[in-house]
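In what follows, chains carry the letters A, B, and so on, assigned in the order in which the sequence lines appear, proteins first and then strands, with residues in each chain numbered from 1.
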Amino acid sequence: MAWRSEPPLLAGRAALVTGSSRGIGEAIARALAAHGADVALHGLHDPEALTAQAAALAAEFGVRTLALVGDVADPAAVKGWFQTLFAQWKRLDVLVNNAGVMEGALLGMATPAMIDRVIDVNTKGAIHVLQAGARLMTRHHRGSIINVTSILGTQGGAGQAVYAASKAALLGLTWSAAKELAPQGVRVNAIAPGYIDTDLVRALPPAVQAERAAAIAMGRVGTPADVAGVALFLASDLAAYVTGQVIGCDGGLRA
Amino acid sequence: MSQPRDRLRAAFRTALGLAGDAAVDDLAYRAVPQWDSVAHMQLVATIEAEFDIMLDTDDVIAMSSFAVACTIVGKHGVAI
């Protein structure tokens with residue numbers, strides 16, 4: 001983010017961004033840190049690399065950082081991260097539920113193992129993290145939870161039924177949690193990115209990439225920073241009266 | 001500083017919106033209109049903040065009375 005506010009928009013806030021070792025999650029973590037938030041990074045594996053990334057972020061922006069490693073699909077691991085967060089920072093103000101896996105398959109070729117993994121990470125993992133995060137936030141009667149879903153979750157896509165289902169579930173999670181937590185001062189919203197330039201989509205065949213890019217009304221592929229801007233808005237008090245919303249970030253893409 | 005048991009009683013009164021002198025030692029979940037599921041989560045947050053502890057989900061579900069709450073808080077290192 002190029003612009004700044006004084007005092008920083010998120011000064012004194014503590015944030016956790018799951019799946020922040022790269023891609024959209026990394027960009028969101030950077031944006032939150034750049035605007036004054038202490039940020040806990042999370043990655044599936046490679047604690048050394050994540051710790052180095054956290055140290056670099058702390059040095060660059062003068063904020064506190066943590067590195068949390070493990071699988072969001074493992075409730076015991078999630079519980080451990082929140083115990084660490086509580087022990088270190090005693091609070092959580094911003095939670096970005098971003099960790100996910102993208103596996104495409106035609107309906108007839110989706111194996112039970114693949115279905116389990118996608119639902120376990122994208123849906124059940126998000127629920128585990130939201131459950132624990134909300135508990136920390138309600139202590140202080142304030143917080144912003146941001147679920148990163150997908151345009152595939154709002155519009156569907158051929159060959160992506162399982163992934164789309166896993167992300168569509170986050171819409172119900174967002175709407176329900178928003179209603180349940182609003183009386184306690186916790187806002188819950190979702191971002192639905194479209195075609196964003198990340199490792200996940202770069203792995204698609206070039207012909208598929210070209211076809212998708214051509215369907216974007218704004219004429220360009222999105223960047224992780226585009227999504228991070230929306231997350232920053234939702235995380236901050238600029239969105240103090242916004243809850244239960246799903247905000248598209250897709251340049252006018254129609255899946 | 002009040003005794004832990006008195007602090008827990010005060011947490012119950014605050015979270016459930018009870019009078020300052022209301023008896024809480026025999027309270028049980030849903031035995032009074034004020035202790036419904038929504039108030040239960042508020043009660044959990046109030047207890048966690050009061051004692052600077054973090055309850056497990058199993059604790060949240062099991063906390064069915066003031067007496068059980070004493071046991072749970074004690075499990076988290078509070079001498080109650």
**Study point:** A:Glu180 versus chain B, the contacting section by heavy-atom distance below 4.5 Å
**Key:**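 It is neither, since no heavy atom gets under 4.5 Å.
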Point to revise | chain B contact via A:His140 - side chain, backbone, both or neither, heavy atoms under 4.5 Å | key: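 Neither part, no heavy atoms under 4.5 Å.
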Check your understanding: Any chance the side chains of A:His128 and A:Asp74 put a donor and an acceptor closer than 3.5 Å?
Key ->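 Not at all, the side chains of A:His128 and A:Asp74 share no donor-acceptor pair under 3.5 Å.
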Review point. Which bit of B:Val38 comes within less than 4.5 Å of chain A, counting heavy atoms only: side chain, backbone, both or neither?
Key: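 For B:Val38, no heavy atom lies under 4.5 Å from chain A.
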**Study point:** chain A contact via B:Ile47 - which portion, at a heavy-atom distance below 4.5 Å
**Key:**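 Neither part, no heavy atoms under 4.5 Å.
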Practice item. Can you measure from CG (B:Asp58) to NZ (A:Lys79) and round to the nearest 0.5 angstrom? Key: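 Nearest 0.5 Å value for the CG-NZ distance: 7.0 Å.
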Point to revise | Proximity of B:Phe51 and B:His76 rings by center, below 6.0 Å | key: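 Distance test on ring centres: not under 6.0 Å, no.
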Review point. Based on non-hydrogen pairs under 4.5 Å, which of B:Thr46, B:Leu55, B:Val44, B:Ile53 is most in contact with chain A?
Key: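 Ranked by heavy-atom pairs under 4.5 Å with chain A, first place is B:Ile53.
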**Study point:** Aromatic ring pairing B:His40/B:Trp35, orientation class (parallel under 30°, perpendicular over 60°, tilted between)
**Key:**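 Judged by the thresholds at 30° and 60°, the geometry between B:His40 and B:Trp35 is parallel.
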Exercise for review: Please report the C-alpha distance between A:Asp93 and A:Arg142 in whole Å, then the side-chain angles of each, then the deciding distance to 0.1 Å, and finally whether the side-chain contact (heavy atoms from CB on, under 4.5 Å) criterion is met.
Suggested key: CA-CA 7 Å; A:Asp93 303 285; A:Arg142 185 175 79 174; 3.6 Å; yes
